[in-house]
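Sequence lines set the chain letters: A, B, ... in the order given, protein chains first and strands last, and positions in each chain run from 1. Keep in mind the model is a prediction, meaning the values are calculated, not measured.
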There are 2 protein chains.
Amino acid sequence: MIDVCQIRCIHQDSVNRAIGGRTDDGVLEEAARLLGVISDPTRLKIMDALRLGELCVCDLAAVLGMSVSAISHQLRLLRTSCLVRGRRDGKIIFYTIHDEHVEKLMDMALDHCRQRCGA
Amino acid sequence: MIDVCQIRCIHQDSVNRAIGGRTDDGVLEEAARLLGVISDPTRLKIMDALRLGELCVCDLAAVLGMSVSAISHQLRLLRTSCLVRGRRDGKIIFYTIHDEHVEKLMDMALDHCRQRCGA
DNA sequence: ACTATAATTGAACAATTGTTCAAATATAGG
DNA sequence: CCTATATTTGAACAATTGTTCAATTATAGT
């Protein structure tokens, strides 16, 4: 029994408007998943490191001071979410930010958290 | 003993460039925390519902079909991260998106996940 | 083929997260 | 003041997540 509160407290018209105009659940869930991928410090540091140019797994491990395995696990997530892309050159795979749209998304997030909160 | 790989595989200059140019750890961790807040389906749905106008906790519970308590818990996170703001009118508190910068950030995330992945 | 190296993968464990349920605030009206 | 209502809060539990360790795949050189 969900405690959706009694009819008297709901602003029915506002609720209807919100229900009518809401974004498809699937899209929102996919977006949440995507944001979840860049909401991890390690992955954000990886993306940040890649902004100045391509790096291999080993380089990233050196930059972040973490194990190659840990980095690789995170890279997989970033790859499958189209946030980074890799190009193979012999034994080595070089990673870069997937596209500038992604870079912009990162910038906006960094911007927001640099602004102080008024209320 | 961390398996930072042997010197031979590191591209030293690239690594130095990345280390020199990297964003402050604190900022990245704060950004990660912020992104974490909007990376949850429930919270994203709350934000989506608020785009068309202010709603109270009770309205949001009705729109999402969830308990008032669950919504309230999530609203707290959204409030303390300056993603939504509330104004009190008597017994009722009406919530809205904090500012248009936040709205833009959401749009970008939704955009990205609507684009298909090439590789 | 055989060896060495770059990178990925799987299982497991610790740590974090989201929801529920019950209880506590805060505001308004009689 | 006492009751009713809107919202918040705390504790607990289930589910998810990130790292480590060990083993595996992929590529290149000899």
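Relative to the side chain of B:Cys56, the nucleotides C:dA7, D:dT20, D:dT7 differ in distance, and D:dT7 lies closest. Here D:dT20 is the nucleotide among D:dT20, C:dC21, D:dT8 with the atom lying nearest to any side-chain atom of A:Ser67. Comparing atom distances between the A:Ala70 side chain and each of C:dT5, C:dT19, D:dT19 picks out D:dT19 as nearest. The side chain of B:Ile92 sits closest to D:dT7 out of D:dG18, D:dT9, D:dT7. Of all nucleotides listed (C:dA6, C:dT19, C:dA7), C:dT19 comes nearest to the side chain of B:Met66. Of the candidates C:dA7, D:dT8, D:dC21, D:dT8 carries the atom nearest the B:Arg79 side chain, counting heavy atoms from C-beta on.
Counting to the nearest Å, the P atom of D:dA6 and the CD1 atom of B:Ile71 are 16 Å from each other. The separation between B:Arg87 atom CZ and C:dA26 atom C1' is 17 Å, rounded to whole Å. Summarising the geometry, the separation between CZ on B:Arg33 and P on C:dT17 is reported as 10 Å, rounded to the nearest angstrom. If you take CG of A:Leu77 and P of C:dG10, they are 13 Å apart, rounded to a whole angstrom. The NE2-C1' distance, from A:His11 to D:dA6, rounds to 10 Å in whole Å. Computed from coordinates, the B:Leu44 CG to C:dG18 P distance equals 12 Å when rounded to whole Å. If you take CG of A:Leu60 and P of C:dT8, they are 10 Å apart, rounded to a whole angstrom. If you measure from atom CG of A:Asp89 to atom P of C:dA7, you get 11 Å, rounded to the nearest angstrom.
Using modelled atom types, one finds no donor on one side chain facing an acceptor on the other under 3.5 Å when comparing A:Arg87 with A:Tyr95. The closest side-chain donor-acceptor pair between A:Ser14 and B:Asp59, if any, does not fall under 3.5 angstrom.
Contact annotation: A:Arg76 side-chain N/O to C:dA7 OP1/OP2 distance is not under 4.0 Å. The side chain of B:Gln74 places an N or O atom within less than 4.0 Å of a non-bridging phosphate oxygen (OP1 or OP2) of C:dT19. Side-chain nitrogen and oxygen atoms of B:Tyr95 include none within less than 4.0 Å of the OP1 or OP2 phosphate oxygen of D:dA6. Taking 4.0 angstrom as the limit, A:Arg88 places none of its side-chain polar atoms (N or O) nearer than this to OP1 or OP2 of C:dA6.
The aromatic rings of A:His101 and B:His112 sit parallel, their planes meeting at an angle under 30°, below the 60° perpendicular limit.
The heavy-atom pair separating A:Leu110 from B:Leu28 by the smallest distance is CD2-CD2, 4.0 Å. The minimum heavy-atom distance between A:Ala18 and B:Ala49, with the atom names listed, is CB-O, 3.9 Å.
Where A:Thr42 and A:Lys91 each meet DNA chain D at their nearest nucleotide, the meeting point lying more 5' is that of A:Thr42. Nearest-nucleotide positions on DNA chain D place A:Arg43 closer to the 5' end than the other of A:Gly90 and A:Arg43.
Look at B:His73 and the base of C:dT19; the rings do not stack under the cut-offs of 5.5 Å between centres and 30° between planes.
Without hydrogens or angle criteria, B:Arg43 side chain to B:Val37 main chain gives a donor-acceptor distance under 3.5 Å.
When heavy atoms are screened at a 4.0 angstrom cut-off, A:Phe94 is found touching no nucleic acid atom at all.
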